[in-house]
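Take a look at the structure set out below.
In each ligand, atom 1 is the first atom listed, and ligand 1 is the first ligand listed. Quick caveat: nothing in here was measured; it's all calculated off a predicted structure. Position 1 is the first residue of the sequence, and the numbers go up from there.
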Amino acid sequence: MGYAKRAIEEVIFRTPGESEFHQSVIETLTPVIPFIESNKIYEELAIIERITEPDRQVKFRIAWRNDEGKIKVNRGWRVQFNNALGPYKGGLRFHPSVNISIIKFLGFEQIFKNALTGLPIGGGKGGSDFDPKDKSDFEIMSFCQSFMTELFRHIAPETDVPAGDIGVGKREIGFLYGQYKRIKNVHEGVLTGKGLDFDGLPGRKEATGYGLVYFTEEMLKSHGNSFEGKTVLISGAGNVAIYTAEKVIEHGAKVVTMSDSNGWIYDEVGIDLNIIKEIKDIKHERIYKYLEYKPKAKYFDSRFDWSVPCQIALPCATQNEIGLDDAKNLVKNGCIALAEGANMPTTLEAIEILKENKILFAPAKASNAGGVASSALEMSQNSSKTRWSFNDSNEKLKLIMKGIFEKISETSQEFGKSGDYVIGANICAFKRVSEAMISQGVY
Ligand code: NDP
Ligand code: 2IT
């Protein structure tokens, strides 16, 4: 067995029970094996062993008080994975399912995604098993303040810059920032995704969803196609899903599904996004409420199974939401392209089915990189003490997404696998990170 396969097996052996992390290591490194084997330097300098082991991981207790005065205890993590290219950068996820395996998979993906943006950002991720659902604003604030009372000692604008992810949006980032400022007595760009009422970047909120659509449009264009007139399935109804849907509709396509963790809606005539924004963004309600506004739409009280006919699928909820049977549904119903908005939403076996059936497939580390790319622009805005316009940041985002598509497309051609964006993205990102690690010596 060659070095790369042996080293991947060793990672799995040394991290028992971390199934999501194993999946992301296999998904990222398997396509790079022939490249790694073609150059002995990777083995000599133990690049796989080093790149799969976080620089450090912090786990901490978060005690906070709920509205009834009861003390609650949650767990928090920050994994600083790799800073070869810049300060650790990546979101915080607040969701009851969060554990070290999930944070490590997200942090590992983030290293390579951030490399693809071409910007100076390393990879990290954090979060907590805290569930923000059904909590009052006061409880969220109390939790965020307690979370930051530990996190502040590990982060700084040139060290580690967290942002949002599932369960962490503008409100949570605001409370976290307020506590950081209170403790350190400095106003500095230590978090991104901040509100526009203080230091946020116009366009950051929209960037992951818009970037996903800009990327997908480039991919479709290179195959002589576009969004115009297409039927699109989206999962999720959070930050990424909403702004993906907004841009898809602007591109002349129809979004017919969206979902949350309780169920999914199907509106044959096209989902009215203003209603979704009111339900999810303003009232923080469940998606079935859509039927109160649009009684002809359908609601299914079950997991979304991708069974509606479509040409384009954009998963924007969470990991492993498209399994083998879901992929078969997409193939059967005429899907021509799938681009990942969520992180690792497609299982390895589902990706195989999509590839076998010649469905264009865009891996998350390329297609959803718009969010973190805009975060890097927010860091730049903050350190230069200026204010960008929405137009400036959106135009820059378009260029970044086009650049990512071109880079990974060229890499796929260079390695004789034209149009295989999984190979293109992973080799391209691995090369950038490993070259920086090699230049910086063994550590
Ligand atoms: P939000 O919390 O805003 O929205 C998440 C959405 O996904 C909600 O509709 C939520 O439903 C649904 N969801 C979450 N967990 C599950 C689950 N286990 N099963 C079914 N549905 C679920 O998060 P974001 O939109 O920010 O994130 C969505 C995805 O995009 C994640 O994979 C994230 O890592 C990724 N991402 C986010 C970026 C960002 O900038 N925010 C950047 C790049 C990637 P409910 O409300 O019921 O929980
Ligand atoms: O997965 C991701 O890229 C994010 N959640 C955004 C990270 C960031 O630092 O903006």
For ligand 1, which atoms sit closer than 4.0 Å to a heavy atom of S259?
-> 9 (O)
Using distance alone, determine whether Q319 and ligand 1 share an N or O pair under 3.5 Å.
-> no
N/O of A163 under 3.5 Å from N/O of ligand 2, yes or no?
-> no
Check ligand 1 against N368 and write out every atom of the ligand that is under 4.0 Å from a heavy-atom position of the residue.
-> 43 (C), 44 (C)
Considering the heavy atoms of T208, write down every atom of ligand 1 situated less than 4.0 Å from one of them.
-> 38 (C), 39 (C), 40 (O), 42 (C), 43 (C)
Where on S235 is there a heavy atom closer than 4.0 Å to ligand 1, on the side chain, on the backbone, on both, or on neither?
-> neither
Give the intermediate values and the outcome of side-chain contact (heavy atoms from CB on, under 4.5 Å) for residues F175 and I140.
-> CA-CA 8 Å; F175 293 147; I140 303 264; 3.9 Å; yes
Note: ligand 1 atoms sitting under 4.0 Å from heavy atoms of G236 are 9 (O)
Does any N or O atom in V240 lie less than 3.5 angstrom from one in ligand 1, N or O only?
-> yes
Numbered in order shown, the ligand 1 atoms found under 4.0 Å of a heavy atom of A342 are 29 (C), 30 (O), 32 (O), 35 (C)
Quiz item: cation-pi between K135 and F130, 6.0 Å / 45° = yes
Ligand 1 to R93, heavy atom cutoff 4.0 Å, flagged ligand atoms 31 (C), 32 (O), 33 (C), 34 (O)
Looking at ligand 1, does any of its N/O atoms fall within less than 3.5 Å of an N/O of K125?
-> no
Of all the heavy atoms in H95, does at least one lie under 4.0 Å from an atom in ligand 1?
-> yes
Within-cut-off N or O pair, K113 and ligand 1, under 3.5 Å = no
Determine, using heavy atoms of A369 and all atoms of ligand 2, whether some pair is separated by less than 4.0 Å.
-> no
Would one find an N or O of N262, backbone or side chain, under 3.5 Å from an N or O of ligand 1?
-> no
Side chain, backbone, both or neither: which part of R286 comes within less than 4.0 Å of ligand 1 when only heavy atoms are counted?
-> side chain
Using distance alone, decide if ligand 1 has a nitrogen or oxygen within less than 3.5 Å of any nitrogen or oxygen in G167.
-> yes
Say whether K125 and ligand 2 are in contact under the criterion: heavy-atom distance to a ligand atom below 4.0 Å.
-> yes
Do any N/O atoms on N368 end up under 3.5 angstrom from N/O atoms on ligand 2?
-> no
Please confirm whether E109 comes under 4.0 Å of ligand 2, counting heavy atoms of the residue only.
-> no
Before signing off on this row, confirm whether G164 and ligand 1 have an N or O atom pair separated by under 3.5 Å.
-> no
